[in-house]
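Computed from a predicted model, the values in this text were never measured in an experiment.
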Amino acid sequence: MKTNYKIQGTQNSPVLMFSNSLGADLTMWDELVPHLLPYFRVLQYDTRGHGQSEITEGPYTIEMLGQDVIDLLDDLSIEKVSFCGLSMGGLIGQWLGINHPERLHKLIISNTDSKIGTVEGWDERVITINEQGMQSIVVGTMEKWFTTSYHKTNPSRVAEMTNIFLANRTAGYTACCAAIGNANFRATIKTISSETLIITGDEDAVTNVAQAQVMQKEIAGAKLKVFHARHLPSTELPAKYAEALINFIVGEDTFDRGMHVRRTVLGNAHVDKANGNKNEFNTDFQEFISHYAWGEIWTRPGLPKHSRSLITLAMLIPLNKKAEFKMHVKAAFNNGVTIDEIKEVILQSGIYCGLPAANDALHSAEEVFENLGLGYK
């Protein structure tokens, strides 16, 4: 099965995977991505029968759609992810939590239920779509997806989502309807052992707050977050939704967030060594760095970590802080910076910072390359 996907972020960051709702595609998560990239590699994919993923003969099952996730992770050599699925994606997330907890760091199931609707209701929708096309339910779907105020304030985004919905191929959409209609995890949801966050909207008429509360009671230790939204809070409230994910996966404390990002950039070995060397004299400074430098600045969504690495190197060159420069040369590779890009930064600094500073930086960089066994000819 050919699965369309998009993955963004630095190689050293943990993976956060997103699974779309029925009728949407991987772009439904796009507004969240800038907020998440300081912390994660973000993996979006189109569910079978949706977007640019392959349509196979239906009907589908949630087990089939869940196995597609496992196959994609295997193809990408990703052992474990934090998984966030909304609606149909939330059913897929439940299947993963029940059947493959070893592939999950944490689980987020959003605007979903252990059983959504009835078999008869989904069968009726399939008949309607086959007879009248996607156009027959698009207005009602947009009303269920977004609040009245969002329709008024974000008409262009609603129009984009409308077009995405209408672009669905009938065969893929109806095959997934069958998967949702036949899915029932009421008896097995209690076996989910992964740390779980349940999200819903207070105006969601498809999967309401009461249903989310029942799931919370069934899954040991599950947390619940309710937004003022309908069925797609991730699109309607992307900044708040992303914040909820970061709070759940990384932590709410700025220090915890800083330590998370510091590890993704500098590597666990460096951070563990720094923590191991803490004493009464330097502890305050180490915590100061993690809190403000890494927790306040490196976590900002305005610049990707790749750019922050290049800027940091450029500023360290005229300061002539050799140890710090070498540390950030090594760290830059974790942020996707290449040797050629480091060379260009040093050349540029030679013009604006002076040739002696650039020359020292050049030799320092070569020392790092040699220690890493990279070589450069």
Side-chain angles (χ1 to χ4, degrees), residues 7-16 34-43 77-82 104-106 195 242-243 245-317 319-339 341-342 345 361 364-365 367-374:
I7 188 165
Q8 304 172 75
T10 54
Q11 196 72 27
N12 215 30
S13 299
V15 178
L16 174 54
H35 301 281
L36 299 172
L37 285 179
Y39 303 93
F40 311 106
R41 292 179 76 197
V42 177
L43 174 58
S77 298
I78 298 173
E79 183 179 352
K80 298 182 76 169
V81 298
S82 290
L104 300 177
H105 286 297
K106 295 191 179 183
E195 190 174 348
E243 183 76 4
L245 299 184
I246 297 166
N247 286 343
F248 175 63
I249 301 172
V250 178
E252 298 183 25
D253 189 79
T254 305
F255 178 82
D256 292 338
R257 294 182 177 199
M259 285 298 292
H260 174 93
V261 175
R262 189 179 180 186
R263 287 181 180 280
T264 68
V265 176
L266 300 180
N268 287 326
H270 177 91
V271 177
D272 288 342
K273 181 179 180 180
N275 286 335
N277 291 333
K278 285 199 297 188
N279 54 46
E280 187 177 352
F281 181 73
N282 66 30
T283 292
D284 289 345
F285 184 75
Q286 285 294 326
E287 293 186 355
F288 171 82
I289 292 172
S290 293
H291 187 98
Y292 289 103
W294 297 104
E296 295 282 357
I297 301 302
W298 278 85
T299 56
R300 292 174 62 85
L303 284 172
K305 286 193 283 189
H306 178 277
S307 298
R308 291 190 187 278
S309 273
L310 294 177
I311 292 168
T312 301
L313 292 176
M315 290 189 292
L316 286 172
I317 290 172
L319 293 174
N320 196 28
K321 304 298 181 183
K322 185 173 182 178
E324 192 80 3
F325 178 79
K326 291 172 69 175
M327 179 186 76
H328 277 280
V329 169
K330 183 178 179 181
F333 294 116
N334 290 331
N335 287 341
V337 175
T338 66
I339 289 178
E341 288 173 324
I342 294 172
V345 168
S364 293
E367 288 178 25
V368 175
F369 301 158
E370 184 176 353
N371 289 337
L372 294 176
L374 297 177

Practice problem: Find out whether Ile317 and Phe325 are in side-chain contact, i.e. whether some heavy atom of one side chain is under 4.5 Å from a heavy atom of the other. | Solution: yes
Quiz item: Any side-chain heavy atom of Ile249 sitting closer than 4.5 Å to one from Tyr39?
Solution: no
Self-check item: Considering all heavy atoms, the nearest Leu372-Lys330 contact
Solution: CD2-CE, 4.0 Å
Quiz item: Between Asn282 and Asn277, is there a donor-acceptor pair closer than 3.5 Å when you use the side chain of the first and the backbone of the second?
Solution: yes
Quiz item: If you look at every heavy atom in Gly9 and Arg41, which pair is closest and at what distance?
Solution: C-CG, 4.0 Å
Quiz prompt | Side-chain heavy atoms of Leu303 within contact of Ile311, under 4.5 Å | solution = yes
Exercise. Give, for atom CD1 of Ile7 and atom CG of Leu43, the distance between the pair rounded to the nearest 0.5 Å.
Key: 5.0 Å
Quiz prompt | Distance (rounded to the nearest 0.5 Å) between Ile289 CD1 and Asp284 CG | solution = 11.5 Å
Practice problem: Using the side chain to side chain donor-acceptor pair (under 3.5 Å) rule, collect all pairs that involve residues 248-263, keeping only residues at least two apart or in two chains. | Solution: Glu243-Arg257, Asn247-Arg257, Arg262-Gln286, Arg262-Ser290, Arg263-Asn268, Arg263-Asp272
Self-check item: Non-neighbouring partners of Lys326 that pass side-chain contact (heavy atoms from CB on, under 4.5 Å), sequence neighbours left out
Solution: Lys322, Ser364, Glu367, Val368
Quiz item: Does NZ belonging to Lys278 count more than 12 external heavy atoms closer than 6.0 Å?
Solution: yes
Quiz item: Heavy-atom distance under 4.5 Å between the side chains of Leu245 and His35, does that happen here?
Solution: no
Quiz item: Would you say the side chain of Lys305 lies within less than 4.5 Å of the side chain of Ser13, judging by non-hydrogen atoms?
Solution: yes
Quiz item: Any donor and acceptor pair, going by atom type alone, linking the side chain of Asn334 with main-chain N or O of Val265 inside 3.5 Å?
Solution: yes
Quiz item: Does Met259 reach the side chain of Val271, with side-chain heavy atoms less than 4.5 Å apart?
Solution: yes
